[in-house]
Every structure is written in C-alpha cells, then in structure tokens.
Asks: 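Take this structure, written in structure tokens, and hold onto it; I'll ask about it next.
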Amino acid sequence: MNSTQCKMARAALGWGVRELAARANVSTQTVVRFERGEQLKSQTVGNLQSVMENAGIEFIPENGGGVGVRLKKTPTG
C-alpha cells in the first residue's frame with residue numbers, strides 16, 4: 001500500500017484520518033505523515049492496510065494501469 005492508496009481507501013470507506021488512526025491504534029499524525037509520503041515502519045503500514053482490508057478494501061497492485069483500491073464484493077443472498 002502506498003500513500004495514495006491509503007487516501008483512496010479512506011475515501012471509499014468514508015473514514016477520516018482520525019477514524020483510521022483510532023481503528024489502527026496509531027496517532028493521527030502517523031496517518032498524516034504516511035499520506036504525505038513519509039516513510040513509516042513496514043509493520044505500521046501493514047497494520048493500516050490490514051485494518052482497511054478487514055473493513056472491505058481490496059488493494060490492487062501495479063498491473064500496467066497503476067495501483068488502486070476497490071471495495072470487495074459482498075456475498076449476495
């Protein structure tokens with residue numbers, strides 16, 4: 001996950017910086033620094049990513065069209 005994907009995922013979930021920070025148990029400044037492009041510990045980035053994946057985000061790797069995010073399909077029925 002990169003900083004742009006983090007912002008996109010938050011927008012898709014309707015979360016602000018504070019909500020992501022609270023759910024990931026990090027400071028709001030940690031989220032702000034990451035989204036500004038600063039390096040964080042890989043464990044912290046992984047934690048942010050896991051929280052958003054558990055909330056229904058799927059991170060799309062580089063596939064020739066750029067990285068991205070999408071909401072996971074929910075089971076129907």
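By convention here, the first residue in the shown sequence is residue 1.
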Asks: What residues form a side-chain hydrogen bond (donor to acceptor under 3.5 Å, both in side chains) with Arg18, not counting sequence neighbours?
Replies: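 Arg18 satisfies side-chain hydrogen bond (donor to acceptor under 3.5 Å, both in side chains) with no other residue.
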Asks: Quick one: salt bridge (charged side-chain N to carboxylate O under 4.0 Å, His left out) pairs with a partner in residues 25-39, sequence neighbours left out?
Replies: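 The answer is Arg10-Glu35, Arg33-Glu38, Arg36-Glu38.
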Asks: Please say whether more than 12 non-hydrogen atoms of neighbouring residues, nucleotides or ligands are located less than 6.0 Å from CG in Asn25.
Replies: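 No - once you tally the heavy atoms of other residues, nucleotides and ligands closer than 6.0 Å, there are 12 at most.
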Asks: Step by step, work out the salt bridge (Lys or Arg N to Asp or Glu O under 4.0 Å) result for Arg70 and Glu58.
Replies: CA-CA 5 Å; Arg70 66 177 160 220; Glu58 183 177 341; 3.0 Å; yes
Asks: If you link I, L, V, M, F, W and Y whenever their side-chain heavy atoms are under 4.5 Å apart, who else ends up in the same group as Leu40?
Replies: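 Direct or chained contacts put Leu40 with Met1, Met8, Leu13, Trp15, Val17, Leu20, Val26, Val31, Val32, Phe34, Val45, Leu48, Val51, Met52, Ile57, Phe59, Val69, Leu71.
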Asks: Filter on side-chain hydrogen bond (donor to acceptor under 3.5 Å, both in side chains), then keep only pairs touching residues 43-52, sequence neighbours left out; what's left?
Replies: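 Every side-chain hydrogen bond (donor to acceptor under 3.5 Å, both in side chains) pair that includes a residue of residues 43-52, provided the two are not neighbours, is Gln49-Glu53.
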Asks: For Ile60, what are the other residues in its hydrophobic cluster, where any two members join if their side-chain heavy atoms are less than 4.5 angstrom apart?
Replies: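 Members alongside Ile60: none; it stands by itself.
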Asks: Quick one: side-chain hydrogen bond (donor to acceptor under 3.5 Å, both in side chains) partners of Gln5, sequence neighbours excluded?
Replies: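 Gln5: no side-chain hydrogen bond (donor to acceptor under 3.5 Å, both in side chains) contacts found.
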Asks: Would you say that more than 12 heavy atoms from the other residues, nucleotides or ligands in this model lie under 6.0 Å from the NZ of Lys41, or not?
Replies: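 12 or below, so no.
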